[in-house]
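Only heavy atoms go into these numbers, but all of them, side chains included; no hydrogens, no water, no symmetry mates. Sequence lines set the chain letters: A, B, ... in the order given, protein chains first and strands last, and positions in each chain run from 1.
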Amino acid sequence: MQSMNDIKLKILEVTKRRGFYWKSYEIYGGLGGFYDYGPLGASLKDNILQLWKDYFVTKEGFLLLDSPNIGPELLYIASGHAEKFTDYMVKCKKCGHVFRADELLKGHVDNPEKLDAEGLWKNIKEKGIKCPDCGGELTYPEKFHLMFSTRVGMDKNAFLRPETAQGIFINFPIFYRLNREKLPLGVAQIGKGFRNEISPRQGLLRLREFNMAEIEVFIDPQEKFLLGDVRNISLPLLTREGKEYRITVEQAVKMGILSEPMAYFMGKIIIFLEKIGIDIKKVRFRQHSREELAHYSRDTWDCEVLLSYGWVEIIGIADRGDYDLKRHMEYSGKDLRAFRRFKSPKKRKIKRLRARMEILGPLFKNDARKIAEILENMEYEGGNIEILLEDRKIKIPKNAYEVVEIEESVGGERFIPQVIEPSFGIDRILYAILEHSYYERKDSGYKVLKLKPRVAPIKAGIFPLVSKEPLTTKALEILKIIRDSGVSCYYDDSGSIGRRYARADEIGVPFCVTVDYTTEKDNTVTIRERDSTLQKRVRISELPEILELLSDEKINFESLDENV
RNA sequence: GCGGGUGUAGUCUAGUGGUUAGGACGGGGGCUUCCCAAGCCUCUGACCCGGGUUCGAAUCCCGGCACCCGCACCA
């Protein structure tokens, strides 16, 4: 039995040696929190995203967006990140420990998070706040910003996005229209996010530039959200009260632990994780405590996997309510609401105004038309009328309009949709797949990555049994055929056949094709399956199709007929 | 950011002031080889960066960078 720490080191060793990923900028001494994906890693990541898109975009009928990494300052002021992502830190002069200044003032001052550096400093001195660890003097509060800031053009302040989500929110009206004004509406975005972590650690698990795949699902809270085919999926839940459950999606909703959309996406996530090769026995959903909740979130559940580092969050599902759309409405002045149609139009009697142009005209000249328009669109509630036209308050004399009572039919109402956000950390998922795929053969101790065929970066190795003619030429011919058919594969004739199988196992190649002396007689080759090491003999003419089906997991190796 | 530890070929590592820094695995070439890292020959390749101490530094000291563990942080 190997320790968890061993696995961590072995994964690290294999991934670096075989070119999955490595620390960026090593020739310049490295830079913390940045990684390069090499040939295998880039391809693995690609395959994960492909499956993600297939499962969460295509199959759900959601819409894709690809918006910029850099956004204007105002966007992130509106989103709350500019404020919430900045912390003032103080350091103890004696023991060197660092604290958030506002945390230290909690209980001493009301709303300490609203103070600036000067205000915090004043209060620290007045209340005599000392280092909670050793009682030492504290330094002047220093700003620490978790967003990378930059400049656009000469002088426009901008930020690198800390999440791809904001690009989706601000485009809601366009997507709403593209979806023919129907909810629920899901918009998905795959892209990079940037966070200037104080201290990135643990390889791919905490990066400063990372890959994320996010979905914002806009829903009408008055409409029932259907659980569909995930209702019977079993969910491992850990509530903020510390209660553990293993219940179905449907039960979780019935018991009031989860809302329908939250439960639905958890079910989808379980299926997805299993598809890409995560061991779902090592998965749980943990509800955030109140203190943990992000500024925009009403409820959040982290999907965590058990790795050698402990439980690690790989996906977050947040109920963002109407926070984001509301904020962007406030800051942009644009209407980001959806329209809810009533089942039958509501009829009501209201008082409306009819403008008398013969009075308005001479009185307001060029503005008369606009004023008339405003008047005729407003509901009359009695009293004197004063309207706002281009920042001017204008009093309208009583003789300039008539009040008429009409019966109006109202077809529906505008409202701000609620948003559920499943947000996937792709780098963490990739690492989790590697850890959950890694094993060593019982007899030999050789390393194997049991990557699912669909995520495996390379689907097949093509080998001559021994490195001799005519086997080598035949194997190279087959290589070309397989490559032309679109299946990623490679040729290897160095060392013994066993060594080549072992090399392939280590990077998770699911199938190896071997050309042997029977091949020249009847045009057949063997296909070896990685985990069982079993072989089956198939015709070369059928090989491309078989490999394609195996790689796409349309058939599995056990059910493959030997057809010679 | 703090404290502790660490930094030698692609990988794992030996070397604690003194010649051309040693090994294993890997990788390339060759021989051998009829199915799971066999063997032989051969080649390849490293002291994290900068400063200091010293006649001389991979080794000692200082600074930086990075990694690991713990603390803090993780919206």
Dump every N/O contact between nucleotides 45-49 of chain B and the protein below 3.5 Å, one line per pair.
none

Show each protein N/O and nucleotides 8-12 of chain B N/O combination with a separation under 3.5 Å, one pair to a line.
| unit_1 | atom_1 | unit_2 | atom_2 | d |
| --- | --- | --- | --- | --- |
| U11(B) | OP1 | Lys16(A) | NZ | 2.9 |
| U11(B) | O2' | Glu13(A) | OE2 | 2.5 |

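For the ring pair (Phe, Tyr, Trp, His ring centres under 6.0 Å) test, residues two or more places apart in sequence or in another chain that qualify with Tyr501(A) are Phe463(A). Listed by chain and residue number, His81(A), Tyr323(A) satisfy the ring pair (Phe, Tyr, Trp, His ring centres under 6.0 Å) test with His295(A) (two or more places apart in sequence, or in another chain).
Within residues 465-481 of chain A, the residues that place at least one heavy atom under 4.0 Å from RNA chain B are, in residue-number order, Leu465(A), Val466(A), Ser467(A), Lys468(A).
Of the residues listed (Arg18(A), Arg441(A), Lys450(A)), the one engaging Asp505(A) in a salt bridge (charged side-chain N to carboxylate O under 4.0 Å, His left out) is Arg441(A), and it is the only one.
Across all strands shown, U20(B) has no partner, as no Watson-Crick or G-U wobble contact with both distances under 3.5 Å is found.
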Show every donor-acceptor pair shorter than 3.5 Å between a side-chain atom in residues 420-429 of chain A and any protein atom, with sequence neighbours excluded, or say none if there are none.
| unit_1 | atom_1 | unit_2 | atom_2 | d |
| --- | --- | --- | --- | --- |
| Glu421(A) | OE1 | Arg320(A) | NH1 | 3.4 |
| Glu421(A) | OE2 | Arg320(A) | NH1 | 2.7 |
| Ser423(A) | OG | Glu214(A) | OE2 | 2.9 |
| Asp427(A) | OD1 | Tyr37(A) | OH | 2.6 |
| Asp427(A) | OD1 | Asn211(A) | ND2 | 2.9 |
| Asp427(A) | OD2 | Asn211(A) | N | 2.6 |
| Arg428(A) | NE | Leu205(A) | O | 2.6 |
| Arg428(A) | NH1 | Glu313(A) | O | 2.8 |
| Arg428(A) | NH2 | Leu205(A) | O | 2.8 |

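Look at CG on Asp493(A): it is 12 Å from C1' on G30(B), rounded to the nearest Å.
Residues Leu430(A) and Ile48(A) have side chains in contact (heavy-atom distance under 4.5 Å, counting atoms from C-beta outward).
By the neighbour-count criterion of 12 heavy atoms within 6.0 Å, atom OH of Tyr25(A) is sparsely surrounded, having that number or fewer from other residues, nucleotides or ligands.
The base of C36(B) is not paired with the side chain of Arg530(A) by any donor and acceptor separated by under 3.5 Å.
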